[in-house]
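Residue numbers run from 1 in the order of the sequence given.
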Amino acid sequence: MSQPGAGDGGAGTGAGQRGADGADDRGAAPAPFRDAVDSMHAAAVRPEIELGSIRPPQRLAPYSYALGAEVRAVETDVVPEHSDGETFGRLILLYDPHGHEAWNGLMRLVAYVQSDVDETLASDPLLPEVAWSWLTDALAERGQEVTALGGTVTATASVRYGDIAGPPRAHQLELRASWTPLGEDLSGHVEAFCSVLEMAAGLPPAGVTRLGQA
């Protein structure tokens, strides 16, 4: 399984993180943290989204865990001249058994999503509000109560020059968010995070197949 974002941040060596040998040290972590991590892996995720553990960042909390996700490209017999774009992200769980005043709780979820988008969508002045609603609506639809929710949405454009592969112009959408879950079952939060990936990638509703992709 690929691990998008695995190169971001160093490998933690404390309990609840992955040591230098890649071993999982969660066995030494507090039970609430272990239960929360287990619940993240109980999330129901669409087959188009590849989800797996990645190395968490260092020094953000006594215990941390991270999932990387990416939307797989639709398989086809035709090799396109240019990629149709990529959508990927990571969801990080931070846990401090003594609590954190800024979090208003013991746990904090930090999400990052990046997706290539077309020029029309990137230039839409309502894009930030719409993209933010993807997250808030997905959490609400799954009955996930949160506190201290905040973040940013950014649309960027890049122009390629010289001998570099890819389209001459590219547009990206980035969403960064963090929130405090009210409960230790985080499966719904992972599903909400993956819902944002679906929306950013422009996937059709579950069970619906686009013409030419059967």
Side-chain angles (χ1 to χ4, degrees), residues 1 3-6 8-9 12 16-18 24 26 29-57 60-71 87-97 99-115 128-153 173-201 203 205-206:
M1 175 172 296
Q3 297 181 350
D8 296 336
Q17 303 184 16
R18 291 186 180 274
D24 194 337
R26 283 191 291 120
F33 174 78
R34 298 198 308 270
D35 292 344
V37 171
D38 288 342
S39 72
M40 295 176 75
H41 287 274
V45 179
R46 289 179 58 159
E48 297 95 332
I49 296 179
E50 190 171 12
L51 193 66
S53 301
I54 61 174
R55 304 175 83 173
L60 295 181
Y63 303 93
S64 63
Y65 187 78
L67 291 175
E70 65 178 338
V71 179
T87 302
F88 64 90
R90 52 186 174 270
L91 183 65
I92 302 167
L93 167 63
L94 306 176
Y95 177 74
D96 188 336
H100 196 294
E101 184 177 356
W103 301 351
N104 193 28
L106 305 183
M107 295 186 187
R108 189 74 173 166
L109 287 168
V110 181
Y112 172 78
V113 172
Q114 178 177 307
S115 180
E129 287 81 2
V130 171
W132 188 252
S133 73
W134 294 342
L135 176 62
T136 57
D137 290 351
L139 288 168
E141 288 169 3
R142 290 161 179 79
Q144 302 305 307
E145 296 183 357
V146 304
T147 187
L149 171 63
T152 62
V153 177
L173 169 69
E174 290 187 357
L175 182 147
R176 301 173 186 267
S178 61
W179 63 92
T180 298
L182 301 181
E184 296 173 4
D185 183 354
L186 304 183
S187 58
H189 295 267
V190 176
E191 292 169 4
F193 165 72
C194 289
S195 177
V196 176
L197 290 172
E198 296 173 24
M199 298 298 293
L203 293 181

| field | Any Pro32 side-chain heavy atom under 4.5 Å of Tyr95 side chain | value | yes
| task | Answer yes or no: is there a side-chain heavy-atom contact under 4.5 Å between Thr87 and Gln114? | result | no
| query | For the atom pair CG (Leu93) and CE (Met107), what is the distance rounded to the nearest 0.5 Å? | reply | 6.0 Å
| request: Determine the minimum heavy-atom distance between Ala131 and Leu175, stating which atoms define it. | output: O-CD1, 3.5 Å
| field | side chain to side chain donor-acceptor pair (under 3.5 Å) contacts touching residues 177-193 (sequence neighbours left out) | value | Arg108-Ser178, Arg108-Thr180, Gln144-His189, Trp179-His189, Asp185-Ser187
| Does Ser115 reach the main-chain N or O of Ala200 with its side chain, forming a donor-acceptor pair under 3.5 Å? | yes
| Which distance, rounded to the nearest 0.5 Å, do you find between the CZ of Phe33 and the CG of Asp96? | 11.5 Å
| message | Does any part of the side chain of Glu145, heavy atoms only, come nearer than 4.5 Å to the side chain of Pro181, both counted from C-beta? | response | no
| request: Decide side chain to side chain contact (heavy atoms under 4.5 Å, CB included) for Phe193 and Leu67; before the verdict, give the C-alpha distance in whole Å, the side-chain angles of both, and the deciding distance to 0.1 Å. | output: CA-CA 11 Å; Phe193 165 72; Leu67 291 175; 5.9 Å; no
| query | Is Pro97 close to Leu106 at the side-chain level, that is, under 4.5 Å between some pair of heavy atoms? | reply | no
| said: Could you walk me through whether Arg46 and Leu203 satisfy the side chain to side chain contact (heavy atoms under 4.5 Å, CB included) test, starting with their C-alpha distance in whole Å, then the side-chain angles of each, then the deciding distance to 0.1 Å, before giving a yes or no? | reply: CA-CA 10 Å; Arg46 289 179 58 159; Leu203 293 181; 4.0 Å; yes
| request: Evaluate the side-chain proximity of Met40 to Leu91: yes if any heavy-atom separation is below 4.5 Å, no if none is. | output: yes
| query | Is there side-chain contact between Val37 and Leu186, with at least one heavy-atom pair below 4.5 Å? | reply | no
| query | Between SG of Cys194 and CE of Met199, what distance do you get to the nearest 0.5 Å? | reply | 14.0 Å
| message | The test is side chain to side chain contact (heavy atoms under 4.5 Å, CB included); show your working for Leu149 and Leu135 and say whether it passes. | response | CA-CA 10 Å; Leu149 171 63; Leu135 176 62; 4.3 Å; yes
| query | Any idea which heavy atoms bring Gly89 and Leu197 closest together, and the distance? | reply | N-CD2, 4.0 Å
| query | Is Val153 close to Leu173 at the side-chain level, that is, under 4.5 Å between some pair of heavy atoms? | reply | yes
| request: State the CD-CH2 distance between Glu129 and Trp134, to the nearest 0.5 angstrom. | output: 12.0 Å
| Looking at residues at least two apart in the chain, or sitting in another chain, which of them share a ring pair (Phe, Tyr, Trp, His ring centres under 6.0 Å) with Trp103? | His100
| field | Lys/Arg cation over aromatic Tyr112: Arg90, 6.0 Å, 45° cone | value | yes
| Student check: side-chain heavy atoms of Ile54 and Tyr65 closer than 4.5 Å | no
